[in-house]
Amino acid sequence: MSDRVLLIEDDADIALSVKTVLGRSGFAVVTAVEGREGLRIFHSERPDIVILDVGLPEMDGWTVLDRIRELSEVPVLMLTSHGQESDKVRGLRAGADDYLTKPFGNAEFVARVQALLRRSAGAGPDRQAADVYDDGSVRVNFAAHEVSAHGAAIELTATEYRLLTALIRHRGQVLRPAKLLELVWRDPYGVGPDRVKYSVLRLRRKLGATAGTDSPIEAVRGFGYRYRWPASAKRLSAQ
């Protein structure tokens with residue numbers, strides 16, 4: 001069975017070239033021309049790798065990468081017209097697996113895609129485990145957007161879900177309100193620390209009220225919020 005590639009690229013000429021090159025190398029390629037369309041296809045197709053252009057219209061590649069990383073550890077190769085080191089560092093720190101500057105050679109491009117897929121396949125169960133977080137108290141299925149606490153399913157708003165996943169992915173770290181605004185709201189204009197405070201409060205109630213226990217989200221006075229391991233954690237989560 002061919003590896004499935006999702007290409008999110010708004011330049012029609014580049015998209016056609018990439019699709020042709022990958023098709024000749026045995027890949028099954030589906031394309032999107034903008035970020036929201038790409039995310040819809042990502043949800044429905046569950047690709048083996050994503051090729052993502054940074055300079056997309058409306059929702060840029062950085063935002064698309066953030067949304068993908070909320071759901072999955074699928075390999076992501078980012079494409080850009082800018083070769084600055086700062087952009088490459090930003091992409092890798094944001095969760096991209098590789099970064100390629102346009103224009104690029106076909107042979108190098110295919111080799112990088114193949115290398116990422118080999119690395120992903122080699123990760124095996126570890127890569128699959130990254131799609132599910134379970135500490136014995138809270139369980140998050142990132143691919144399905146399903147959350148349960150103490151064995152009971154709970155309903156979260158989109159903002160509460162992003163808030164929970166941000167805290168879990170940085171578990172053990174104290175995140176200041178400004179950092180949570182950046183990670184969760186992404187467009188924080190007009191959204192102040194009080195908004196973060198009340199969103200955290202609602203999320204803590206939902207996580208703790210299910211079984212009448214304390215929430216794993218801890219408020220660190222004067223600093224911010226931290227997701228802490230429950231005392232009975234099974235530690236089955238992805239790293």
* Output all residues satisfying side-chain contact (heavy atoms from CB on, under 4.5 Å) with Glu108, sequence neighbours left out; order by chain, then residue number. => Leu100, Arg112

* In sequence, state the C-alpha distance, the side-chain angles, and the governing distance for Asp134 and Val140, and then conclude on side chain to side chain contact (heavy atoms under 4.5 Å, CB included). => CA-CA 6 Å; Asp134 188 345; Val140 181; over 6 Å; no

* Asked: Ignoring hydrogens and geometry, is there a side-chain-to-backbone donor-acceptor pair from Ser44 to Ile41 under 3.5 Å?
  -> yes

* Structure fact -> Taken in chain and number order and not counting sequence neighbours, the residues that satisfy side-chain contact (heavy atoms from CB on, under 4.5 Å) with Ala219 are Arg204, Tyr225

* Cluster link Ile168 to Leu181, ILVMFWY, side chain under 4.5 Å -> yes

* **From CD1 (Ile51) to CD1 (Ile8), nearest 0.5 Å** => 10.0 Å

* Structure fact -> Separation between CG (Leu116) and CD (Gln114), nearest 0.5 Å, reads 10.5 Å

* By salt bridge (Lys or Arg N to Asp or Glu O under 4.0 Å), which residues pair with Arg36, not counting sequence neighbours? -> Glu58

* Excluding sequence neighbours, so at least two apart, what forms side chain to side chain donor-acceptor pair (under 3.5 Å) with Arg40? -> none

* **Spacing of CZ belonging to Arg4 relative to CG belonging to Leu117, to within rounding of 0.5 Å** => 11.0 Å

* Where Val74 and Asp48 come nearest, the two heavy atoms and their spacing -> CG2-O, 3.4 Å

* OG1-CZ distance between Thr165 and Arg67, expressed to the nearest 0.5 angstrom -> 10.5 Å

* Are the side chain of Arg226 and the backbone N or O of Arg171 linked by a donor-acceptor pair below 3.5 Å? -> no

Atom pairs and distances, side-chain donor-acceptor, residues 151-158, under 3.5 Å, sequence neighbours left out:
| residue | atom | partner | partner atom | Å |
| --- | --- | --- | --- | --- |
| Thr157 | OG1 | Glu160 | N | 3.1 |
| Thr157 | OG1 | Glu160 | OE1 | 3.4 |

* **Spacing of Met78 atom CE and Asp53 atom CG [to the nearest 0.5 Å]** => 8.0 Å

* Structure fact -> Under a side-chain separation threshold of 4.5 Å, the hydrophobic residues clustered together with Leu16 are none

* Asked: Does Phe142 have Arg169 sitting over its ring (NZ/CZ under 6.0 Å from centre, angle to axis within 45°)?
  -> yes

* To do: Check whether any side-chain heavy atom of Thr101 lies under 4.5 Å from a side-chain heavy atom of Ser81, and answer yes or no.
  => no

* Asked: Are Arg69 and Asp97 ion-paired here, with the side-chain N under 4.0 Å from a carboxylate O?
  -> yes

* Any side-chain heavy-atom pair of Leu7 and Val30 under 4.5 Å -> no

* Structure fact -> With sequence neighbours left out, the residues meeting side chain to side chain donor-acceptor pair (under 3.5 Å) with Ser25 are none

* **Minimum-distance pair of heavy atoms, taken over all atoms of Ala166 and Val184** => CB-CG2, 4.1 Å

* **Glu37: side chain to side chain donor-acceptor pair (under 3.5 Å) partners, not counting sequence neighbours** => none

* Same apolar cluster (I L V M F W Y, side chains within < 4.5 Å links), Val33/Leu65 -> no

* Take the angle between the ring planes of Phe109 and Phe104 and call it parallel below 30°, perpendicular above 60°, tilted in between. => parallel

* Asked: According to the salt bridge (charged side-chain N to carboxylate O under 4.0 Å, His left out) rule, which pairs have a member within residues 8-17, sequence neighbours left out?
  -> Glu9-Lys102

* **Contacts of type side chain to side chain donor-acceptor pair (under 3.5 Å), residue Asp60, not counting sequence neighbours** => Thr63

* Asked: When rounded to the nearest 0.5 angstrom, what is the spacing between CZ in Phe42 and CG in Leu52?
  -> 11.0 Å

* Could you list all the ring pair (Phe, Tyr, Trp, His ring centres under 6.0 Å) pairs where at least one residue sits in residues 53-78, not counting sequence neighbours? => none

* **Cluster overlap Phe27 with Ile14, hydrophobic side-chain contacts below 4.5 Å** => yes

* To do: Under the side-chain contact (heavy atoms from CB on, under 4.5 Å) rule, collect the residues that match up with Asn141, sequence neighbours excluded.
  => Val132, Arg139, Ala143, Ala144, Glu146

* To do: Write down the atom of Gly224, the atom of Pro177, and the distance for their closest heavy-atom approach.
  => CA-CD, 4.1 Å

* Might you work through the ring-ring contact (aromatic ring centres under 6.0 Å, His included) test for Tyr227 and His170, ending with a clear yes or no? => CA-CA 8 Å; Tyr227 189 95; His170 296 82; over 10 Å; no

* To do: Assess whether side chain to side chain contact (heavy atoms under 4.5 Å, CB included) is satisfied between Leu203 and Ile217, documenting all intermediate values.
  => CA-CA 8 Å; Leu203 180 57; Ile217 299 174; 3.5 Å; yes

* Side-chain heavy-atom pair Val54, Leu79 within 4.5 angstrom cut-off -> no

* To do: May I ask you to test the Val76-Ile49 pair for a side-chain heavy-atom distance under 4.5 Å?
  => no

* Asked: What closest approach, in Å, do Gly35 and Val64 show between heavy atoms, and which atom pair accounts for it?
  -> CA-CG2, 3.6 Å

* To do: Carefully, step by step, assess Lys19 and Val29 under the rule side chain to side chain contact (heavy atoms under 4.5 Å, CB included).
  => CA-CA 6 Å; Lys19 185 174 183 178; Val29 184; 4.0 Å; yes

* Asked: With a 4.5 Å heavy-atom cut-off, do Leu167 and Leu180 have their side chains touching?
  -> yes

